[in-house]
Amino acid sequence: MTLRRSMLFIPGSNAAMISTAFVFKPDSVMFDLEDAVSLREKDAARLLVYHTLKSSLYDGIERVVRINPLSTPYGKDDLEAAVRGGADVIRLPKTETADDVKELETCVEELERKCGREVGSTLLMAAIESASGVINSVAIATASKRLMGIAVAGFDYVVDMQTERGDGSELFYARCAVLHAARAAKIDAFDVVYSDINNEEGFLKEVDVIKRLGFNGKSLINPRQIELLHNAYAPTQEDVDYANRVVAAAEKAETEGLGVIALNGKMIDAPIVDSAKRVLSRAQASGVRR
């Protein structure tokens, strides 16, 4: 089970943050070469991210690189640096159609062959940032076997929808559409950044919503949010105890050759057993909620 609860954004031009962010132990880091980097810093940021990828600083943490769109003067140079550097995942911003993903997949495979990386070893991630992207999310999610996840990117989406960030109702349809697309494609789904870093209560309220919806995790812009997020995603001791009872009942029924699983007089079906196993896997990976 690959945990992807937290994906910490790190500006590719911020050497100080790049040299220290690993100590906060996010599940994934996303070195950003797009919006967080000014035009005059693009080349320097690309080189810095390349050398960071080649180092051992982020060993044990999934390394994602958000490139500039391939249609820009920077996209293909970003992509080459990321693939040659050994990035685990390439995040494609402003994904509108399945063809965007297929174009990226073709370019990545060419680069893998060119630089001697195992073909297929570089995963892809699509960021959905517009109404068109949301409408096409199922086609996008199923466009490539390399795709490990899709993400809702809130700021550009609400601008495209001619609204603004509020209580979350403005994102409800986009979240549901992207999440359903991810589940249909059997890949991960990531929620938007919560930008008010001083509002811990608001952050945790939003985390509770997206966890209940079914998102695997959330994009973050501040390391202080990592521990809060991980704890919120951890199962409670009550969850773990119940999951253990469900799994034990299922194993007993299988041993005794029973076709029906019962626990405390209630029937337990396969989806409940699968859910219990997921809870135990999560507890083993992240501990129990404090």
Chemist: Do Phe190 and Val134 sit in the same hydrophobic cluster, where Ile, Leu, Val, Met, Phe, Trp and Tyr count as joined when their side-chain heavy atoms come under 4.5 Å apart?
Modeler: no

Chemist: With a 4.5 Å heavy-atom cut-off, do Tyr194 and Leu204 have their side chains touching?
Modeler: no

Chemist: Which residues satisfy the side chain to side chain donor-acceptor pair (under 3.5 Å) test with Glu105, sequence neighbours excluded?
Modeler: Ser144

Chemist: Of all the heavy-atom pairs spanning Glu170 and Thr163, show the shortest one and how long it is.
Modeler: CB-CG2, 4.2 Å

Chemist: Is the shortest heavy-atom distance from the side chain of Arg175 to the side chain of Val192 under 4.5 Å?
Modeler: yes

Chemist: With side-chain contact (heavy atoms from CB on, under 4.5 Å) as the criterion, how do Ser56 and Asp59 come out once you've worked through the C-alpha distance, each side chain's angles and the decisive distance to 0.1 Å?
Modeler: CA-CA 5 Å; Ser56 59; Asp59 283 357; 3.3 Å; yes

Chemist: Same cluster or not: Val279 versus Tyr242, using hydrophobic residues (I, L, V, M, F, W, Y) connected whenever any side-chain heavy atoms lie under 4.5 Å apart?
Modeler: no

Chemist: Which heavy-atom pair separates Ser28 from Val64 by the least distance, and what is that distance?
Modeler: CB-CG2, 4.4 Å

Chemist: Is any NZ, NE, NH1 or NH2 atom of the basic residue among Arg63 and Asp88 found under 4.0 Å from an Asp or Glu carboxylate oxygen of the other?
Modeler: yes

Chemist: Are any of the side-chain nitrogens in Asp43 or Arg46 under 4.0 Å away from the carboxylate oxygens of its partner?
Modeler: yes

Chemist: How far does CD of Gln237 sit from CZ of Arg290, to the nearest 0.5 angstrom?
Modeler: 13.5 Å

Chemist: Decide yes or no for Glu112 and Ser121: does some side-chain heavy atom of the first lie under 4.5 Å from some side-chain heavy atom of the second?
Modeler: yes

Chemist: Salt-bridge test for Glu206 and Lys211: reply yes if a basic N is under 4.0 Å from a carboxylate O, no otherwise.
Modeler: no

Chemist: Is it the case that atom NZ in Lys94 sees more than 12 heavy atoms from other parts of the structure closer than 6.0 Å?
Modeler: yes

Chemist: Evaluate salt bridge (charged side-chain N to carboxylate O under 4.0 Å, His left out) for Glu109 paired with Arg113, printing each intermediate quantity in order.
Modeler: CA-CA 6 Å; Glu109 183 167 335; Arg113 293 184 188 281; 2.8 Å; yes

Chemist: List the steps and the verdict of side-chain contact (heavy atoms from CB on, under 4.5 Å) for Phe203 and Leu228.
Modeler: CA-CA 9 Å; Phe203 174 72; Leu228 294 170; 3.9 Å; yes

Chemist: Between Lys114 and Glu110, does any side-chain N to carboxylate O distance fall below 4.0 Å?
Modeler: no

Chemist: Just how far is it from atom CZ of Arg66 to atom CG of Asp32, taken to the nearest 0.5 Å?
Modeler: 4.0 Å

Chemist: Assess the side chains of Glu103 and Thr106: does a donor N or O sit below 3.5 Å from an acceptor N or O?
Modeler: no

Chemist: Identify whether the distance between the nearest side-chain nitrogen and carboxylate oxygen of Glu34 and Arg91 falls below 4.0 Å.
Modeler: no

Chemist: Can you tell me how far apart CZ (Arg5) and CG (Asp191) are? Round to the nearest 0.5 Å.
Modeler: 16.0 Å

Chemist: Distance-only, no hydrogens or angles: does the Thr142 side chain make a donor-acceptor pair with backbone N or O of Val138 under 3.5 Å?
Modeler: yes

Chemist: With no hydrogens and no angle check, just 3.5 Å: does a side-chain donor-acceptor pair link Glu227 and Asn231?
Modeler: no

Chemist: Do Leu8 and Val207 land in one hydrophobic cluster if side-chain heavy atoms of ILVMFWY residues count as linked below 4.5 Å?
Modeler: yes

Chemist: Do Asp99 and Thr97 have side-chain atoms, one donor and one acceptor, less than 3.5 Å apart?
Modeler: no

Chemist: Once ring pair (Phe, Tyr, Trp, His ring centres under 6.0 Å) is applied, what residue pairs with a partner in residues 118-145 remain, sequence neighbours excluded?
Modeler: none

Chemist: Looking at Arg146 and Val119, what are the two nearest heavy atoms and their distance?
Modeler: NH2-CG1, 3.9 Å

Chemist: Ignoring hydrogens and geometry beyond distance, is a side-chain donor-acceptor pair present between Thr95 and Glu129 at under 3.5 Å?
Modeler: no

Chemist: Look only at the side chain of Asn68 and the backbone of Tyr74, and say whether a donor-acceptor pair between them is shorter than 3.5 Å.
Modeler: no

Chemist: Are Phe155 and Arg165 side-chain neighbours, meaning at least one heavy-atom pair lies under 4.5 Å?
Modeler: no

Chemist: Can you tell me how far CG of Leu124 sits from CD1 of Ile150, rounded to the nearest 0.5 angstrom?
Modeler: 13.0 Å

Chemist: Given side-chain contact (heavy atoms from CB on, under 4.5 Å), test Ile128 with Val152 step by step and report yes or no.
Modeler: CA-CA 5 Å; Ile128 309 297; Val152 183; 5.6 Å; no

Chemist: Any side-chain to backbone donor/acceptor pair from Asn136 onto Ala139? Under 3.5 Å, distance only.
Modeler: no

Chemist: Can Arg212 and Asp208 be counted as an ion pair, charged N to O under 4.0 angstrom?
Modeler: yes

Chemist: Should Phe9 and Ser219 be marked as a side-chain contact (heavy atoms from CB on, under 4.5 Å) after you check the CA-CA gap, both sets of side-chain angles, and the distance that decides it?
Modeler: CA-CA 7 Å; Phe9 278 49; Ser219 300; 3.4 Å; yes

Chemist: Does a sphere of radius 6.0 Å around CE in Met161 hold more than 12 heavy atoms from other residues, nucleotides or ligands, not counting ones at 6.0 Å or beyond?
Modeler: no

Chemist: Same cluster or not: are Ile268 and Leu280 linked, directly or through other Ile, Leu, Val, Met, Phe, Trp or Tyr residues, by side-chain heavy atoms under 4.5 angstrom apart?
Modeler: no

Chemist: Does Val29 reach the side chain of Glu62, with side-chain heavy atoms less than 4.5 Å apart?
Modeler: no

Chemist: Measure from the ring center of Tyr58 to the ring center of Phe31 and say whether it is less than 6.0 Å.
Modeler: yes

Chemist: Just by distance, do the side chain of Asp274 and the backbone of Pro271 share a donor-acceptor pair under 3.5 Å?
Modeler: no

Chemist: For the residue pair Ser55 and Thr52, what are the closest heavy atoms and their distance?
Modeler: OG-O, 2.7 Å

Chemist: Please give me the minimum heavy-atom distance between Ala234 and Val288, naming the atom from each residue.
Modeler: CB-C, 4.0 Å

Chemist: When Leu33 is tested against each of Leu79, Asp77, Leu48, Val65 for side chain to side chain contact (heavy atoms under 4.5 Å, CB included), which residue passes?
Modeler: Val65

Chemist: Compare all side-chain heavy atoms of Arg183 with those of Leu179 and state whether any distance is below 4.5 angstrom.
Modeler: yes

Chemist: Find out whether Asp35 and Asp156 are in side-chain contact, i.e. whether some heavy atom of one side chain is under 4.5 Å from a heavy atom of the other.
Modeler: yes

Chemist: Run Ser38 and Glu41 through side-chain hydrogen bond (donor to acceptor under 3.5 Å, both in side chains) and show every step you take.
Modeler: CA-CA 5 Å; Ser38 68; Glu41 294 179 303; 3.0 Å; yes

Chemist: Ignoring hydrogens, what is the shortest heavy-atom contact between Thr122 and Ala87? Give both atom names and the distance.
Modeler: CG2-O, 4.0 Å

Chemist: Could you tell me the separation between the CE atom of Met7 and the CD1 atom of Ile221, rounded to the nearest 0.5 Å?
Modeler: 15.0 Å

Chemist: Got a sec, which residues hit side chain to side chain donor-acceptor pair (under 3.5 Å) with Ser6, two or more places apart in sequence or on another chain?
Modeler: His230

Chemist: Working to the nearest 0.5 angstrom, can you tell me the gap between Leu147 CG and Ile187 CD1?
Modeler: 4.5 Å

Chemist: Does Asp27 reach the side chain of Ile61, with side-chain heavy atoms less than 4.5 Å apart?
Modeler: no

Chemist: Using modelled atom types and a 3.5 Å cut-off, is there a donor and acceptor pairing between side-chain atoms of Lys42 and backbone atoms of Val37?
Modeler: yes

Chemist: Check for me, please, whether Leu3 and Tyr233 land in the same ILVMFWY cluster - side-chain distances under 4.5 Å, paths through other members count.
Modeler: no

